[in-house]
Amino acid sequence: MDIKGIIIAVIIIAAVGLFIGIFLGIAAIVFKVFVDPREEEILANLPGNNCGGCGYPGCSGLAAAIVKGEAPVNACSVGGDTVGKAVADIMGVEAANSERKVAFVKCAGDCEKAKSSYDYTGEEDCSMAMYLPGQGPKTCNFGCHGYGSCVKACPFDAIEVINNVAVVNKEKCKACGKCVAACPRNLIELIPYHAKYAVACSSKDKGAATTKACSAGCIGCGLCKKNCEKNAIEVSDFHATIHYDLCIGCGECVEKCPKGSIVAHK
């Protein structure tokens, strides 16, 4: 190839490159997506755990939702009031105080209290256990499997299985809700951090069946409800529930519970 051909090839390549550059520059201007600067500020104040506990795809998703007005400024349960107030300042609004919540496992059926229908050896996974005979070896069909699916789901190392029952460390818990979603028996709920007591049972069987399966099971006798001066306890489906907005933490329900189903929230 002579020098003239080389020069022509270089010119053609340069022209094509120039055309592509101009085209991409114009496209960048035409299709530019505007990002509200507040979104970056909010993202910088969020914890960055990307746990999804807020219901949005990561911290960036929450930041975008807050700027659009689709999520409250205190939607990040991990960051708590500190982050909520910082985000409120960025958005120019007043942040409402939100009560800190933590996860609580509604089961006290450990190895000593809960009975087993058979011995099981195999894959230890709570969701898979639901397909075993009787939905698992525990006689109580409402009890914690103790296989730790919630432990694996927790991004904050706030849960451990102790004596075949999952237990939450309330100081480490950030109320992201991952464990709540992971439990196939819906035994985990978010309760106020400052709650004094909680019902450590989820059984809705009749009293006789519950007692047969677990010595710590709630039998729905109603003594806790009858002795609560603030009407903070409801009993339905043979199961007691505490309404924390009414509870004053007097401990009378704990004293009257014959099964020890209501425990101190430590």
Side-chain angles (χ1 to χ4, degrees), residues 33-107 123-131 142 144-162 165-195 198 202 244-245 265:
V33 178
F34 173 76
V35 178
D36 192 313
R38 295 177 299 175
E39 191 174 319
E40 292 295 329
E41 290 185 65
I42 293 173
L43 184 59
N45 280 275
L46 294 175
N49 296 93
N50 294 311
C51 63
C54 58
Y56 292 90
C59 293
S60 59
L62 175 59
I66 292 175
V67 170
K68 293 176 183 176
E70 298 173 355
V73 293
N74 59 352
C76 178
S77 59
V78 176
D81 285 336
T82 302
V83 170
K85 290 176 182 177
V87 174
D89 289 339
I90 295 171
M91 294 297 294
V93 298
E94 190 172 330
N97 290 327
S98 58
E99 185 176 21
R100 178 183 174 185
K101 292 191 174 184
V102 292
F104 176 76
V105 182
K106 300 180 291 182
C107 179
E123 181 70 22
E124 294 191 348
D125 179 86
C126 299
S127 295
M128 290 182 65
M130 297 295 287
Y131 296 97
F142 298 89
C144 174
H145 288 296
Y147 295 145
S149 291
C150 53
V151 177
K152 299 171 187 174
C154 179
F156 303 101
D157 192 30
I159 309 179
E160 62 178 320
V161 175
I162 300 176
V165 173
V167 178
V168 177
N169 182 324
K170 63 185 288 189
E171 301 305 328
K172 290 184 177 182
C173 180
K174 303 299 181 182
C176 70
K178 291 284 188 179
C179 59
V180 177
C183 180
R185 282 186 165 169
N186 301 314
L187 299 180
I188 307 176
E189 69 174 347
L190 300 180
I191 69 173
Y193 171 85
H194 295 292
S202 297
Y244 294 104
D245 56 331
H265 183 222

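Rounding to the nearest 0.5 angstrom, the gap separating the NZ atom in Lys101 from the OG atom in Ser77 is 10.5 Å. Taking SG of Cys54 as the reference point, atom CG of Asn74 lies at 11.5 Å (rounded to 0.5 Å). Here Ser149 contributes atom OG and Ile159 contributes atom CD1; the two are 10.5 Å apart, rounded to the nearest 0.5 Å.
Proximity of Pro155 to Asn49: side-chain heavy atoms (C-beta onward) are nowhere separated by under 4.5 Å. Looking at Tyr147 and Met128, their side chains never come closer than 4.5 Å, going by heavy atoms from C-beta outward. Annotation: side chain of Glu124 is not in contact with side chain of His145 (no heavy-atom distance under 4.5 Å). Pro184 has its side chain within reach of Cys126: a pair of non-hydrogen atoms, C-beta onward, lies under 4.5 Å apart. Considering only heavy atoms from C-beta on, Arg38 stays 4.5 Å or farther from Ile66 through its side chain.
Between Ala71 and Leu62 the shortest heavy-atom distance is CB-CD1, 3.9 Å. Between Ser202 and Phe142, the shortest heavy-atom distance links the atoms O-CD2, 3.5 Å. The minimum heavy-atom distance linking Ala158 with Cys154 is given by the pair N-SG, 3.3 Å. Summarising the geometry of Val168 relative to Cys173, their closest heavy-atom pair is CG1-CB, 4.0 Å, with the distance given to 0.1 Å. Counting all heavy atoms, side chain and backbone alike, Glu99 lies closest to Pro192 at OE2-CB, 3.3 Å. Looking at every heavy atom in both residues, Asn45 comes nearest to Val83 through O-CG2, 3.6 Å.
Panel note: side chain Lys106, backbone Glu189; no donor-acceptor pair is recorded below 3.5 Å. Without hydrogens or angle criteria, Lys172 side chain to Phe156 main chain gives no donor-acceptor distance under 3.5 Å.
For CD of Glu94, the number of neighbouring non-hydrogen atoms (other residues, nucleotides, ligands) closer than 6.0 Å is 12 at most.
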Exercise for the section: Tell me, with the steps shown, if His194 and Arg100 meet side chain to side chain contact (heavy atoms under 4.5 Å, CB included). Expected result: CA-CA 8 Å; His194 295 292; Arg100 178 183 174 185; 5.9 Å; no

